[in-house]
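Reading through the structure tokens given below for one structure.
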Amino acid sequence: MIIATYNVNGVNGRLPVLLRWLQEKQPDVVCLQELKAPQEKFPEKEINDAGYHAVWHGQKSWNGVAILSRGSEPQEVRRSLPGNDEDDQSRYIEAIVDGILIGCLYLPNGNPSPGPKFDYKLSWFDRLHKHADYLLKENVPVVLAGDYNAIPTGFDVYKPERWVDDALFRPETRAAYKSLVDQGWTDALRHLYPDEVIYTFWDYFRKAYDRNAGLRIDHFLLSPLVLERLVAAGVDKEVRGWEKTSDHAPVWIELN
DNA sequence: ATGTCGATACGCTATCGA
């Protein structure tokens, strides 16, 4: 079983790339972020025609998350993160697929920092902590996948000294990511490849992909019952080199 | 400081967020 996460940066503008990748990869479950489409403009028909059921939470212009499944229909559990009824940004959706609870998240970018956007990021992280802790205590198989907008360590960015003041790498962000993992989660890619340089995002600016000037910000956090099924993981890096592509590449795990 | 995308609107050019 292959579960993937892909920040598409506009699901409609990215549709040809997304459909090509789905066809080639045939993942069983896909978490999408940055749909940049209102609820009614999600390309449901094209996704269905590609063989996938979908649940999604759209938003005009920005954000938006979805969970696709090739076999059974995803059973939606929630479409927002608990803890703030006034938060209307579409950044979290949760569904059960084949007995695994899938949380698809798009954590706030947080730039410029410091400032209100960074405060929002940290408060969102705090809500994620609480919800993730609740999920762990349920003792069910859980996958928290998505764009965390967090560079875990200096090893996960091509030139850490250039990112020290960025919201993706500030000490508060790294500390929030670490304390989340320390609840009892496993960062799947780092677990399987402790010594490899792994990137999932390359800026559109300055030929970042050609220079491999990347960041690792799209992550899979696994609960213990999923970890014991983990057999492989990777980044479909070549997709980042396609025409009209996203600035993120798809990331995946394989479970037995 | 720069650069490049996608989506949007008092829409063919500019702005915002990333």
If I pick the [atom1] atom on [M] and the same atom on [N], what distance separates them, to the nearest angstrom?
N: B/dC5; M: B/dA1; atom1: P; value: 23 Å
N: B/dG17; M: B/dC10; atom1: P; value: 16 Å
N: B/dG11; M: B/dC16; atom1: C1'; value: 16 Å
N: B/dG3; M: B/dA14; atom1: P; value: 16 Å

According to a strict under-4.0 Å criterion, is A/Lys60 in side-chain N/O contact with OP1 or OP2 of B/dC16?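 A/Lys60 to B/dC16 OP1/OP2: no side-chain N or O under 4.0 Å.
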Please confirm whether the shortest side-chain N or O distance from A/Lys244 to OP1 or OP2 of B/dG6 is below 4.0 Å. yes
How long is the line joining [atom1] of [X] and [atom2] of [N], in whole Å?
X: A/Lys36; N: B/dC5; atom1: NZ; atom2: P; result: 12 Å
X: A/Gln33; N: B/dC5; atom1: CD; atom2: P; result: 21 Å
X: A/Asn63; N: B/dG17; atom1: CG; atom2: P; result: 11 Å
X: A/Gln39; N: B/dA7; atom1: CD; atom2: P; result: 16 Å
X: A/Asn109; N: B/dC5; atom1: CG; atom2: C1'; result: 14 Å
X: A/Asp166; N: B/dA18; atom1: CG; atom2: C1'; result: 10 Å
X: A/Leu18; N: B/dG6; atom1: CG; atom2: P; result: 14 Å
X: A/Trp202; N: B/dC5; atom1: CH2; atom2: P; result: 16 Å

Residue met sooner reading DNA chain B from 5', once A/Asn149 and A/Asn12 are mapped to nucleotides: A/Asn12
When A/Gln89 and A/Arg206 are each assigned the nearest nucleotide of DNA chain B, the 5'-most assignment goes to A/Arg206
Would you check if there is a donor-acceptor pair between the side chains of A/Asp210 and A/Trp202 at a distance under 3.5 Å? no
Between A/Asn7 and A/Asp218, is any side-chain donor less than 3.5 angstrom from a side-chain acceptor? no
Would you mind telling me which of B/dT8, B/dG17, B/dG3 lies closest to the side-chain atoms of A/Phe205?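 Between B/dT8, B/dG17, B/dG3, the one nearest the side chain of A/Phe205 would be B/dG3.
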Verdict with supporting geometry, A/Asp247 and A/Arg240, salt bridge (Lys or Arg N to Asp or Glu O under 4.0 Å): CA-CA 7 Å; A/Asp247 40 5; A/Arg240 179 62 181 80; over 6 Å; no
Reckon A/Lys41 touches a base, only the sugar-phosphate, or nothing at all at heavy-atom distances under 4.0 Å?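 Nothing, no nucleic acid heavy atom in range.
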Do the side chain of A/Asp156 and the main chain of A/Thr153 share a donor and acceptor less than 3.5 angstrom apart? yes
Glycosidic conformation of B/dC10, syn or anti, with 90° from 0 as the boundary?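 You should classify B/dC10 as anti.
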Would you please indicate yes or no on a ring centroid separation below 6.0 angstrom for A/His131 and A/Tyr92?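 Yes - the distance between ring centres of A/Tyr92 and A/His131 falls below the 6.0 Å cut-off.
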